[in-house]
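Sequence lines set the chain letters: A, B, ... in the order given, protein chains first and strands last, and positions in each chain run from 1.
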Amino acid sequence: MEKLLNRIKNYPSYRGQIIHIQEIASQQARYSNLGFALHPEIGSVLRGRGIERLYTHQVDAIKKVRENKSIVVVTPTASGKTMCYNLPVLDSILRTRGQTALYLFPTKSLGQDQLDSILEYEVRIKAGVYDGDTPDGEKTSLRDNANIIITNPDMLHWGILPNHLKWHRFFTNLKYVVIDEMHNYRGVFGTHVAHIIRRLRRICRHYGADPVFILCSATIANPQEHASRLTGRAVELIANNGAPRGRMKFVLWRPPAHTPYIREVSWLLALCLENRYRTIAFSRARQVTERILRFTRENFKEEKYAGKVMAYRGGYLADERRKIEGALFSGSLLGVVSTNALELGIDVGDLEVCLIAGFPGTIASTWQQAGRVGRSKKESLVIFIAVETPLDQYFIRNTGALFAQPSEQALIDPDNPYILMGHALCATHEMPVTPEDYTLWSGTFVDLLTLLEEDGEVAYSGGTYFYNGQTYPAERVNVRSSSSTLFHLRDTGGGNRLLEVLDENAAFSEVYPGAVYTHQGSTYVVNSLDLNTGTAFMKQMDVDYYTMCGREKNTEILSTETSKELNGHRLYTGQLKVTTRVTGFVKKHEKTGQVVGGDRLALPERVMETTGMWVVINEKAAARAKEYGLHLMGGLHAVEHASIGLLPLFAMCDRNDLGGLSTVMHPQTQGPTIFIHDACHGGVGFSEKGYDKAFELFEATLETITSCRCEAGCPMCIYSPKCSNFNRPLDKEAAVYLLHSLLGKTYNPVLNPDSRLERPVRERLRKALKNNRQGIIQ
Amino acid sequence: MSLFERLKNVRNKPARVESGISPVILPQGQEISSRFGNYFLLESELPGNLFFPADFPADEHSVLQTNLQLVRGIGPVTEEKLRQQGYTSLADLLNHPRWNEYAVNVINLIQNQQINELQMLGARQWELLSYFEPEDILFIDIETTGLWASQPLFLIGLLYYRQGKFFINQLFARNYSEEKAVIAAANEVFRNFKVLVSYNGKRFDVPYIIGRSIEHRLFYSYPHYQVDMLFHARRHFRGTLPDCKLVTLEINILNFQREDDIPGYLIPETYHRFTKKQDAGLIWPVLKHNRLDLLSMAKLFKPVVHGPGND
């Protein structure tokens, strides 16, 4: 890879973007002895593939499963993790005919791929995919005969569990439940899945089964804890990865200032392909993928390369995907630009270079993407291209962060009553709920049943809760979101055809009357929003501006859960009621960002109950800020934005899963307060993790702000793309002061080496702040 | 009130105490003790007539024998032509150069009472009923606590005919633990009959009982010939009546109007309340409703399955 790196450095567009190169040493294969023989049919298949020995982690997994212990296997991609479950499961079924196993995958396509890999074993068991696409005749056959059923959480929730009477053979004989890509089940979706698994275990118990759980996860900070929380039972950790790995160079790349990162990715990709390196480029959004493809093709010096690179996204049909995968595998395609759809699963052969355009949201995803290269013995290259967000910039500056022990945790909250309520209802429908079932859940479960009885949804008699509704309850529970109301976006210029459906939460801030909304690359202007029917009507129009809405927010503390002291300030967690009202919007010119218009709006307020954390700054510190001539509100606001931007370091979430509010005087806390809360009803533990890791979070935040080279704030440190106040007021220096105070560090207002600001610069800073407040963008 | 607040209020309430209450003995029936526990049986009888196809299938002039379309390949047009040529029964076709072999097959099926095969060839259910006696028929109608078999049932209503009378047996679970005994007893009764008649039973009642049998690990077997009256009602009355509900047919064909009948959607919660209170007055309307359903089914049997018009 030295050759390629030199080519890159010699390229005219190279101006020192490489910040760091991490050399990742190769790892030899480590084998281990199983100590017993697998079923002869499996043994011969493995030998046929040239596999004589098994890796350490595979052996550990198989042994534990044999002892009927539930496990979570944590190993990077391409380490033979599917054998960790396929081997013990197939072995067991071949020995004890009639046993069954359930395989759960987050998407249909992954499930299909896994079916193929099971069928490749060519052993005499029946396996099949049972999901929305399975034809009816096959459904009956699978129910009555299959050993292995492959499905996804949605189908399990909606189609299988409520019909368990038809599945009695399958459940009576259920010995194994395999849950792959476990780290995917986090946040709101993960919480739903946790309840679906508890309902599954309840049904299993009813049929006398107690299956062994085998979970697989990418590298996260809390695999064992998360697996336990997800399944509601103890799980053992298997992490002794023995798979071999070639050498890898991992490059951290910072695009030059004022250069769109998409251009960087494009010339890098073109260069790699022209030098015949098989390359994959990952981007964060579908539209970005298409643009990278276009610019890459423009960059080629010779026409012939244009056909050697294609785009790949989820949403392409199965045939198309197969074609692209096959072409990559055979080599007729040299490169591919993809969303994270190609992060998982299917083998696409030996790729050599991986370009990651922007942090994919989690460190685990970053390594899954990087794991697409380096499967052969040759050296591989990964280039991580940073985008202008605090998180990306953090990784660029803290060069060890991506390579250290994982800090991000997968979080779910099985106690969130908003999410649990729907599942309690589904449980009563599946089978009347008796006190024995309570042990699978917490006290909230029983309390919710009492509320459901008040609402008339369930009836109570003889210690049992019975479902009392007229509709199929599973249909009322949307497992991929926390709110069940969806808004329909309709195109008035196209006969009111349905363009998209949008979550209720997003609707008020994205499709208000007058908003500019982008769909499939075209811009639409919303002319009306009908709240009764949940419909937004919009018309396609080419406009040269975009819109941002302004919101009034109020946060009421409903109850306090915990509190602690941090260097003289107080931190709390608890339940909050967040009231938002969209008050108006501005139109900003697409190219210059200048405000070109706007309007007031009269929309009703939205109320959301959730969990969150808040920081109350003590009086002395607040007073001192004024003495130093710092803008207290600007500082609080800036700390809020920056912390939210960096919280994903500790909790596997995204900016959009959080919300915040700052105020110099909150009626309940009676002091300057910063709120950070979850953006979903009931909360799933993201902001609470921010409370747990408050010190580390503030450290990272301070580091990010002080080392940012902007004068008065920018998207890389204290600006938020979601700010309901148009990113006003923000005071970078005040934020620095507040963070010093929170961390117990001494703050020197003048010529402070930490802050790297000199007196003349402070003058410019004050002027910039003044301009900022007046809405003038330089 | 917010969900958090509602939960707080609930947590402060004292735990609920359920007093065990013994099941009530209604005057109209008796408690039965069985291998699977107790249940309650209500029996009644009234005079009635079950109209049935009159002829014997083997008879050369029976409806089956004169249905030339049973032969594969003979449709209405061909049948008309053949009739004009003088072929009026399957026996006549034995002399036909083209159709004689096929006719032999069908006649064999008829002689051997291969009801399912004949039905697949197009024989009408009313025609096939001529293989049975009115005493072979069992009408069923169940009452449940919900729409899905994962929810318990509590009443299995059965009606049969003997010597000028309709006999109604209602197997009733007075609480949830009596359900198993009810289903086991019903399964016993089924063994004495050859034909099961229901209203939407093919989709609802029968699969429901099967589901509950699975739930209670009870052996079940329904080799019976099943007649679903809803199917026939739709066939005959779709255009002429506003809908094919049993009550609608009752009003229009039997000229009978129910008074104060309990609406279906109230039945589950009425039952739940009954289990707690064991108040006979609560459950009586449900038992009455079930009886009326069964009686109407029996009286509507011929008009619906055979249809309007002559035999």
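Around CZ of B:R234, the count of heavy atoms belonging to other residues, nucleotides or ligands within 6.0 Å does not exceed 12. Heavy atoms from other residues, nucleotides or ligands lying under 6.0 Å from CZ of B:R191 number 12 at most. Remark: A:K577 NZ is loosely packed, at most 12 non-hydrogen atoms of other residues, nucleotides or ligands lying under 6.0 Å away. Atom CZ of B:R72 has 12 or fewer heavy atoms from other residues, nucleotides or ligands within 6.0 Å. Surrounding CZ of A:R205 are more than 12 heavy atoms belonging to other residues, nucleotides or ligands, all under 6.0 Å away. A 6.0 Å sphere centred on NZ of B:K194 holds no more than 12 heavy atoms belonging to other residues, nucleotides or ligands. Heavy atoms of other residues, nucleotides or ligands lying less than 6.0 angstrom from CG of B:N192 number more than 12. Within a 6.0 Å radius of CH2 in A:W158, other residues, nucleotides and ligands contribute 12 heavy atoms or fewer.
Neither the backbone nor the side chain of B:R273 comes within contact range of chain A; no heavy atoms are under 4.5 Å apart. Both the backbone and the side chain of B:F4 come within contact range of chain A, with heavy atoms under 4.5 Å apart. At a 4.5 Å heavy-atom cutoff, the contact between A:T444 and chain B is made by backbone and side-chain atoms alike. The contact between B:P152 and chain A is made entirely by side chain atoms (from C-beta outward), counting heavy-atom distances below 4.5 Å. Of the two parts of A:T471, only the backbone, made up of N, CA, C and O, holds a non-hydrogen atom closer than 4.5 Å to a non-hydrogen atom of chain B. Proximity to chain A is limited to the side chain of B:L147, based on heavy atoms less than 4.5 angstrom apart.
The most heavy-atom pairs under 4.5 Å with chain A, out of B:R212, B:E269, B:R11, come from B:R11. Interface summary for chain B: among A:H168, A:K166, A:H429, the most heavy-atom pairs under 4.5 angstrom belong to A:H429.
To the nearest 0.5 angstrom, B:F274 atom CZ is 10.5 Å from A:S461 atom OG. Rounded to the nearest 0.5 Å, atoms OH (A:Y460) and OG1 (B:T275) are 11.0 Å apart. Here B:H272 contributes atom NE2 and A:F466 contributes atom CZ; the two are 6.0 Å apart, rounded to the nearest 0.5 Å. Going from atom CG of B:L3 over to atom CE of A:M421 covers 5.5 Å, rounded to the nearest 0.5 Å. Summarising the geometry, atom CD belonging to B:E5 is positioned 9.5 Å from atom CD belonging to A:Q575; distances are rounded to the nearest 0.5 Å. Atoms CG and OG, on A:L165 and B:S213 in that order, are 10.0 Å from each other to the nearest 0.5 Å.
For A:H206 and B:E215, the side-chain atoms include at least one donor-acceptor pair closer than 3.5 Å. Using modelled atom types and a 3.5 Å distance limit, the side chains of B:S2 and A:E609 yield a donor-acceptor pair.
Between B:R6 and the choices A:T450, A:D447, A:D455, the side chain to side chain donor-acceptor pair (under 3.5 Å) rule is met once, by A:D455.
Inter-residue side-chain proximity for A:H164 and B:S150 is flagged as met; some heavy-atom pair is nearer than 4.5 Å.
When all heavy atoms of A:Y467 and B:W148 are compared, the closest pair comes out as CE2-CZ3, 3.9 Å.
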Item to complete: Decide yes or no on side-chain contact (heavy atoms from CB on, under 4.5 Å) for B:V10 and A:E454, but give the supporting numbers first.
Response: CA-CA 10 Å; B:V10 163; A:E454 272 177 31; 4.2 Å; yes
